[in-house]
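Heads up, the thing below is written out as structure tokens.
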Amino acid sequence: MNRLFQASVINNEKLVKDHYLLTLHPLEKIKKPKPGNFFMVAVNKGLDPLLRRPISIHRWLDGDFQLLYRVAGKGTSILSRNKPGDILEILGPLGRGFPLNIKSENIILVAGGLGIAPIFALAESLAGKNLSLFYGARTKTEVLCTRELNTIGVDPVISTDDGSLGGKDNIVNVLKRHVTRNPSLVTDHVLYACGPGPMLKALSMFAIKYKLKGHIALEQNMACGLGTCLGCVVKTSKGYKRVCKEGPVFSIEEIVW
Amino acid sequence: MANKKSIDLTVNIGKLKLKNPVMTASGTFGYGDEYAEFVDLNKLGAIVVKGLSLKPKEGNPPPRIVETPAGMLNAIGLQNIGINNFIKKKLPFLRQFNTPVIVNFFGDSIAEYVRAAEKLSAADGVHALEMNISCPNKQAGWSIFGTDPKVTYKVVSEVRKAADKTLIVKLSPNVTDIGLMAKVAEDAGADAVSLINTLTGMAIDIKNRRPRLANIIGGLSGPAVRPVAIRMVWQCYKAVQIPVIGMGGIVSAEDAIEFILAGASAVAIGTANFISPKITEDIINGIESYMAEEDIKSIKALTGAVQC
């Protein structure tokens, strides 16, 4: 199956200011992505912006798929103007996703901001296990997917930077308090997370302290998505590794912050 | 309109005869294997692999790349697996194809360049060497090999003695007189020159007032540099008798033809591989169509055909 394919836009729905849910129909059969995999989306045919935009899989809909993205610059701004019927050229699925074949029945999921996009995909794949989701966002309106999460039986613990929904705190602190109150939360649990760098760093420090095993999905500036430009590396205990190829999902203890 | 079958796309670079003038630019095509899924490697004029040194190199800390208008800055720091690993792990894959493999290499001293050239010359399946002289010289206070004509002459002539395979010298564009540097490479025994390597550049995040690259300075590539590259290829074409390999922001067959008209015998596709992994094949097909439409029988007739 070709990893370079065209897809038609079924819908490009604005969920809330700057946040869009893009539903795509590939024009040929593509490989089913794993949660944590990503696609490189060509937002235009011109030269500016030059590079494709890496966006992680949010939801697989039996051949069609959804990407959840935030307008952060020129590329995503152009992407947000796509209308149903428009054709996009896409490369993927790429990278190494979250390991799904795990013994533990108890999963802690942590999402920060748009990190909910792959974490939702993961929650959907792990439905049936005992999932505890800790979800932090900047403000109430940017807390996304709550209805869909409820549909798969996940009731998230939410916090926001401005306190407009849940506690006014960062989500790592919220998790820490839960663990302090209920230490059994870290025994026989596996942690999966995606979110901004500082959140993942704080979370990793916490996880290492409590001997909590798990995986995190990272972001990095990226040109090719195929492992050749060597632009997207992160420092690991075994030297630099490529976010696009060995990642974007890494085990927590592997990353050198 | 010429029949496509009668079109001659072959070009000669030193001892190499390429089936067409389209090669990959070093550092943008890995060691070939990552792109085999998208491109028929047998169709390429040549594969130029990621720059190699005697010992593996870890490269620079991230962030290593940043997008700029119609281009990108990179400071990868020459990360590579080392010549021995390349010969053991990557070369067997590349030997399967009927396409010349050109190995880009570098060192941080003349002795290292020479040892690297000897090793690569002895490796079966390496068809030509491309010397990257845009890297710092440890013995001369880390000044760049490719910016001082005397040092350039010395390093190229020493490598020439050590290498019997076709030797291409990849020139740095960060010089005042590129034609002079091409002439120096030719006088030192190079079979061809390739240009341009990236132009040094810098970008700053105005919110946190920090450079966008951890290395502060990086190399600019992509369509943004193309007019500079075209000008330099033209100047080198006029300065030397050996073939010039042109590169710098090629994203289409039209861009490639512009380089050939400026004086390039062959072209290399770089940053565009990151945008579209099958672009090299598209460009080869596009050149062929252009020649058919313009009724040009041999691509060699186009080299330097710009009328000034």
Side-chain angles (χ1 to χ4, degrees), chain A residues 1-6 31 40-54 72-76 78 88-95 197-198 218-236 238-247 255-257, chain B residues 24-39 49-51 56-81 203 212-214 218 220-224 226 249 251-252 255 270-279:
Chain A
M1 273 174 278
N2 203 342
R3 287 200 295 171
L4 186 61
F5 64 92
Q6 291 193 320
K31 194 178 162 206
M40 293 293 276
V41 182
V43 298
N44 63 350
K45 290 193 169 60
L47 300 175
D48 194 23
L50 189 65
L51 304 172
R52 289 168 188 261
R53 293 297 182 263
K74 200 184 285 175
T76 39
I78 293 170
L88 292 171
E89 205 206 63
I90 297 171
L91 182 62
L94 302 167
L218 300 183
E219 260 190 333
Q220 185 63 278
N221 291 357
M222 196 175 280
C224 68
L226 293 167
T228 58
C229 75
L230 308 179
C232 65
V233 298
V234 286
K235 192 158 199 172
T236 75
K238 288 179 185 153
Y240 289 125
K241 286 192 176 179
R242 299 165 292 185
V243 169
C244 73
K245 194 90 175 179
E246 286 84 33
I255 301 299
V256 178
W257 292 97
Chain B
T24 61
S26 175
T28 64
F29 209 69
Y31 303 106
D33 45 350
E34 293 92 341
Y35 279 83
E37 175 189 346
F38 305 102
V39 179
V49 299
K50 170 80 182 154
K57 239 176 109 88
E58 202 187 15
N60 288 330
R64 289 176 168 186
I65 58 169
V66 57
E67 197 176 25
T68 56
M72 60 180 274
L73 280 170
N74 86 77
I76 306 302
L78 298 165
Q79 181 183 338
N80 76 91
I81 59 173
R212 287 189 182 272
L213 293 173
L220 181 64
S221 67
R226 196 191 309 135
V251 298
S252 69
D255 301 342
T271 303
N273 288 306
F274 301 151
I275 308 163
S276 174
K278 65 176 181 66
I279 200 153

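Worth saying up front: this structure is predicted, and the values here are computed from it rather than measured. In what follows, chains are A, B, ... by sequence order, proteins preceding strands, each numbered from 1.
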From CG (N273(B)) to SG (C229(A)), nearest 0.5 Å: 11.0 Å
Nearest heavy-atom neighbours spanning L51(A) and M72(B): CD2-SD, 4.2 Å
Distance-minimising heavy-atom pair for P69(B) and D48(A): CA-OD1, 3.7 Å
Region of D33(B) in contact with chain A, defined by heavy-atom distances below 4.5 Å: neither
Expected output: side-chain R64(B) to main-chain L230(A) donor-acceptor under 3.5 Å: yes
Euclidean distance, T271(B) OG1 relative to L47(A) CG, rounded to 0.5 Å: 11.5 Å
Minimum heavy-atom distance L50(A)-P223(B), with the two atoms named: CD1-CD, 3.7 Å
Listed partners of R53(A) passing salt bridge (charged side-chain N to carboxylate O under 4.0 Å, His left out), at least two apart: E67(B)
Non-neighbouring partners of E37(B) that pass salt bridge (charged side-chain N to carboxylate O under 4.0 Å, His left out), sequence neighbours left out: R3(A)
Gap separating the CG atom of L226(A) from the OH atom of Y35(B), nearest 0.5 angstrom: 5.0 Å
Spacing of E34(B) atom CD and C224(A) atom SG [to the nearest 0.5 Å]: 8.0 Å
Heavy-atom pairs under 4.5 Å with chain A, option from N74(B), I65(B), N60(B) with the top count: I65(B)
Region of A42(A) in contact with chain B, defined by heavy-atom distances below 4.5 Å: neither
From Y31(B) atom OH to T228(A) atom OG1, the distance as rounded to the nearest 0.5 Å: 11.0 Å
Chain B contact via M40(A) - which portion, at a heavy-atom distance below 4.5 Å: neither
Over all atoms of both residues, closest heavy-atom pair of L91(A) and P277(B): CD1-CG, 4.1 Å
Shortest non-hydrogen separation from P62(B) to Y240(A) and the atoms involved: CD-CE2, 3.7 Å
